[in-house]
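In listed order, ligands and their atoms are each counted from 1.
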Amino acid sequence: MKLLVTGGAGFIGSAFVRLLLGSADAPRVINLDKLTYAGNLENLEAVAAHTNYRFVHGDICDTALVDALLTEEKPDAIVHFAAESHVDRSIFSPSPAFETNLRGTFTLLEAARAHQAPRFVHVSTDEVYGSLEAPLEADESFPLNPSSPYSASKAGSDLLARSYFTTYKLPVLITRASNNYGAYQFPEKLLPLMISNALEGRPLPVYGDGLQVRDWLYVDDHCRAIRAVVEKGREGEIYNIGGSRSLPNLEVVRKILAGTDASETLIRYVEDRPGHDRRYALSSVKIMRETGWAPLTSFEDGLARTIDWYRQNGAWVERVKSGEYRSYYARNYDNRGSELRRTGSARRVPKP
Ligand code: NAD
Ligand code: TYD
C-alpha cells in the first residue's frame, strides 16, 4: 500500500503520518506539503527517518509537480488534508483559502482523474453544514450552509470532489470531521491558544458570550477514522466523524483553566467573530455502522494529555509563537477590545 498524503506537516496530517508509520505494517507514505506558517517538519521528527517515508516540499496548486509525483509514485490512495484551515485568518484574508482549498483541490482532482488514482479521500469538515439550532444534528445528507470564507471554500472543494465521483467515477470518499484537538496543534485554534496562554499566564480571549457550541474530537481518534475510511469506506460516500462531545466554549476554557492551575481572572470577553457559527453538531452513526470506528478518548482524558503535551513542549510552542504568529496575534486580537466580564457579549473597547 502506498499513500500520497497532502498537508502531512500540519496538525492532523502529521498525526495521520505518525499513525501510519508507527504501525507494524506501515505503508509507504509520500507527504506533499508547502510548509506554510502551519506546516512544521518538527511534527514529523519521530518518523522522518522511516524507510517508508518521503517528504516532498511543494504546493498542491502546482500542476506539473502533482502530475510528476503521481507519474513517479502511482499511489494506491491520495489522502488530502492540505488546506488553509483557520476561520479567523480566512476572514482577514480569504485569498489563500480560495487558492489552496479550491484551486489546490481542483488541481489534485484533475491529476487524480488523469492518472486514474484508485482512491481519493477528501478531508472536509462539519463547518460545511453551517450553524445548527439545537437539537438538530447533521447527517451526511444535510444541506451545506457555510458561513465563513474558510467553510465556504471547504464546502466548494467538498462539492467539487463529489462531482468527480458523479461525473468521472473517480473513486472519491469524503470525510467531515468536527473540531480536533491534541498535540502539535498550531496555537491559533481555541484549545492550543487557550492552553498555551494559560500556561504563560496570559489573557484568554473568549469571543462574544462564549456560549458557542463545538463537538470535540481527539486528533488520534480522527486519524483512526480516516484510516478506516481509506481501508473500508465505500466509493462516492461521505462520512461524518464526530467526537460525540458537545461543549460551549466557556466550559472548555474553564476546564483548561482547571487543568493548568490558572486563574479565572485570565478570561477576557472580546468582540465576537463576524458571522460566528453558534453551534455545530453532527451524527457519526454511518462511519460507526460501516467501519466499526468509534472515538476512544474522552474529552477529559484527551484534554489532560493535550495540556501535558503543551507543558512538556515549551520549546516547540515558543518557536511557533515567534515570528509570523506575533503579527497574526496582534492583527486578530489587538483591536478587539476586552472586558473583564462574566456574562453578556463584549463590545469594542477603543484603544487608549
Ligand atoms: P493545519 O493548518 O494544521 O495544516 C495544514 C497543512 O497544509 C500545513 O502543513 C500546510 O503547510 C499545508 N498546506 C497548506 N497549503 C498548502 C498547499 N497549497 N500545498 C501543500 N500544502 C499546503 O490544518 P489541520 O488542522 O491539520 O487540518 C487538516 C485538514 O483537516 C484541513 O483540510 C481541514 O480543513 C480539515 N479539518 C480540520 C479540523 C480541525 O479541527 N483542525 C476539523 C475538521 C477538518
Ligand atoms: P476555532 O478553534 O477557531 O475553530 P472553529 O471556529 O473552526 O470551530 O474556534 C473554536 C471556537 O472557539 C469558535 O466558536 C471560536 C472560539 N474562539 C474564541 O472564543 N477565542 C479564540 O481566541 C479562538 C481562536 C476561538
Side-chain angles (χ1 to χ4, degrees), residues 5-17 31-41 43-44 56-62 65-66 79-91 96-97 99-101 103-105 107-108 122-128 131 147-148 150-151 153-154 157-158 175-182 184-194 197 203-217 219 222-223 226 241-243 247-250 252-253 267-273 275-280 329 332-333 336 346:
V5 173
T6 71
F11 163 52
I12 306 172
S14 68
F16 186 66
V17 171
N31 172 15
L32 171 61
D33 198 297
K34 186 181 174 182
L35 299 180
T36 67
Y37 77 91
N40 187 346
L41 290 179
N43 303 357
L44 292 160
V56 179
H57 184 194
D59 191 332
I60 57 165
C61 299
D62 182 339
L65 171 71
V66 172
V79 187
H80 175 34
F81 291 96
E84 287 291 335
S85 69
H86 191 41
V87 172
D88 293 317
R89 286 186 191 253
S90 83
I91 292 171
E99 282 299 321
T100 288
N101 303 358
R103 195 188 300 281
T105 302
T107 306
L108 286 172
H122 176 72
V123 178
S124 187
T125 162
D126 65 352
E127 298 194 28
V128 298
S131 197
S147 308
S148 69
Y150 163 69
S151 52
S153 68
K154 290 296 292 187
S157 57
D158 181 313
T175 62
R176 295 180 183 152
S178 61
N179 284 61
N180 281 222
Y181 69 100
Y184 297 100
Q185 188 169 25
F186 194 84
E188 64 190 358
K189 307 275 175 21
L190 181 72
L191 261 86
L193 187 142
M194 298 295 179
N197 280 13
L204 309 190
V206 172
Y207 296 165
D209 61 9
L211 299 181
Q212 303 83 6
V213 172
R214 298 291 185 265
D215 171 69
W216 292 99
L217 173 65
V219 66
H222 184 194
C223 291
I226 291 184
I241 307 170
L247 289 168
N249 292 338
L250 209 47
V252 171
V253 168
I267 294 179
R268 300 288 186 281
Y269 291 91
V270 300
E271 189 181 354
D272 208 350
R273 173 189 277 172
H276 198 168
D277 283 333
R278 196 72 180 160
R279 176 177 173 271
Y280 298 139
Y329 203 90
N332 194 39
Y333 295 99
R336 256 196 144 103

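- The protein non-hydrogen atom at the shortest distance from atom 4 (O) of ligand 1 is Gly10 CA, 3.4 Å.
- Ring pair Phe81/Phe16 is tilted by interplanar angle, where 30° to 60° counts as tilted.
- Close approach to Ala177 involves these atoms of ligand 1, each under 4.0 Å from a residue heavy atom: 43 (C).
- Looking at Ser85 next to ligand 1, an N or O pair under 3.5 Å apart turns up.
- Between Tyr37 and His86, the closest side-chain pair of non-hydrogen atoms falls below 4.5 Å.
- Looking at Ser131, its side chain does come within 3.5 Å of a backbone N or O of Arg278 through a donor-acceptor pair.
- In this structure, Ser14 does not count as a contact residue of ligand 1, since none of its heavy atoms falls inside 4.0 Å of the ligand.
- Note on ligand 1: Tyr150 sits in its first shell, one or more heavy atoms being nearer than 4.0 Å.
- For a threshold of 3.5 Å applied to N or O pairs, the pair formed by Thr100 and ligand 1 contains at least one separation below that value.
- Residues Tyr329 and Leu193 have side chains in contact (heavy-atom distance under 4.5 Å, counting atoms from C-beta outward).
- When only interatomic distances are considered, the shortest N/O to N/O separation between Leu32 and ligand 1 does not fall below 3.5 Å.
- The shortest N or O to N or O distance between Glu188 and ligand 1 is not below 3.5 Å.
- Distances between N or O atoms of Asn180 and those of ligand 1 include at least one value under 3.5 Å.
- An N or O contact shorter than 3.5 Å links Phe11 to ligand 1 by distance.
- Between the Asp33 side chain and the Ala9 main chain, a donor and an acceptor come within less than 3.5 Å of each other.
- Backbone and side-chain nitrogen or oxygen atoms of Thr125 are examined, and none is located within less than 3.5 angstrom of a nitrogen or oxygen of ligand 1.
- Note on ligand 1: Ala15 sits outside its first shell, no heavy atom being nearer than 4.0 Å.
- One distance of note links CD1 of Ile241 with CG of Asn180; it measures 8.5 Å at 0.5 Å rounding.
- In this structure, the separation between CD on Gln212 and CG on Asp272 is 5.5 Å, given to the nearest 0.5 Å.
- You'll find the side chain of Val123 stays beyond 4.5 Å of the side chain of Ile12, heavy atoms only.
- By the 4.5 Å heavy-atom criterion applied to side chains, Thr100 and Thr36 are not counted as neighbours.
- Taking only nitrogen or oxygen atoms, main chain and side chain alike, Phe81 reaches within less than 3.5 Å of ligand 1.
- Atoms of ligand 1 lying under 4.0 Å from any heavy atom of Asn179, numbered from 1 in the order shown and given with element: 40 (O).
- Ranking the protein heavy atoms by distance from atom 19 (N) of ligand 1 puts Ile60 N, 3.0 Å first.
- With hydrogens and angles left out, the side-chain atoms of Tyr280 and Glu127 include a donor and acceptor closer than 3.5 Å.
- Shown in contact with Ala9 at under 4.0 Å from a heavy atom are these atoms of ligand 1, numbered in order with element: 9 (O).
- Using a distance-only test at 3.5 Å, with no hydrogens or angles considered, no donor-acceptor pair links the side chain of Ser14 to the main chain of Gly8.
- Put simply, part of Ser124 is less than 4.0 Å from ligand 1, judged by heavy atoms.
- The protein heavy-atom contact nearest to atom 26 (O) of ligand 1 is Ile12 N, 2.7 Å.
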Would Arg89 and Glu84 satisfy salt bridge (Lys or Arg N to Asp or Glu O under 4.0 Å), going step by step from the backbone distance to the final call?
CA-CA 8 Å; Arg89 286 186 191 253; Glu84 287 291 335; over 6 Å; no
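- Below 30°, between 30° and 60°, or above 60°: for His80 and His122 the angle between ring planes is between 30° and 60°, a tilted geometry.
- For Asp33, the closest heavy-atom approach to ligand 1 falls below 4.0 Å.
- Within ligand 1, the atoms closer than 4.0 Å to a non-hydrogen atom of Ser178 are 42 (C), 43 (C), numbered from 1 in the order shown.
- Of the possible polar contacts, one joining the Arg336 side chain to the Glu271 backbone as a donor-acceptor pair under 3.5 Å is found.
- Below 3.5 Å of separation, one finds no N or O of Cys61 facing any N or O of ligand 1.
- Closest to atom 5 (C) of ligand 1 by heavy atom, among Gly7, Ala83, Ala82, is Ala83.
- Atoms of ligand 1 found under 4.0 Å from any heavy atom of Gly58 (numbered from 1 in listed order, with element): 19 (N), 20 (C).
- Once rounded to the nearest 0.5 Å, the distance linking OG1 of Thr105 with CD1 of Ile60 reads 5.0 Å.
- The line from CG of Asn179 to CG of Asp126 is 6.0 Å long, rounded to the nearest 0.5 Å.
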Output block, N or O contacts of ligand 2, threshold 3.5 Å exclusive:
from	atom 1	to	atom 2	distance (Å)
ligand 2	2 (O)	Leu190	N	2.8
ligand 2	3 (O)	Arg273	NH2	3.0
ligand 2	4 (O)	Asn179	ND2	3.3
ligand 2	6 (O)	Arg273	NH1	2.5
ligand 2	6 (O)	Arg273	NH2	3.4
ligand 2	7 (O)	Glu127	OE2	2.3
ligand 2	8 (O)	Asn179	ND2	2.9
ligand 2	8 (O)	Arg214	NE	2.7
ligand 2	12 (O)	Asn249	ND2	3.3
ligand 2	14 (O)	Arg214	NH2	3.2
ligand 2	14 (O)	Asn249	ND2	2.8
ligand 2	14 (O)	His276	NE2	2.7
ligand 2	19 (O)	Tyr207	N	2.9
ligand 2	20 (N)	Pro205	O	2.8
ligand 2	22 (O)	Pro205	O	3.3
ligand 2	22 (O)	Tyr333	OH	2.6

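- Note that CZ of Phe11 is 9.5 Å distant from NE2 of His222, once rounded to the nearest 0.5 Å.
- When only interatomic distances are considered, the shortest N/O to N/O separation between His80 and ligand 1 does not fall below 3.5 Å.
- A donor-acceptor pair under 3.5 Å is formed between the side chain of Ser153 and the backbone N or O of Tyr150.
- Closest to atom 20 (C) of ligand 1 among all protein heavy atoms lies Lys34 N, 3.2 Å.
- For ligand 1 and Lys154, the ligand atoms under 4.0 Å from any heavy atom of the residue are 31 (C), 32 (O), 33 (C), 34 (O).
- Distances below 4.0 Å separate heavy atoms of Leu35 from the following atoms of ligand 1: 11 (O).
- Rounded to the nearest 0.5 Å, atoms OH (Tyr181) and CG (Leu217) are 8.0 Å apart.
- Near Thr36, meaning under 4.0 Å from one of its heavy atoms, ligand 1 places the atoms 10 (C), 11 (O), 14 (C), 15 (N).
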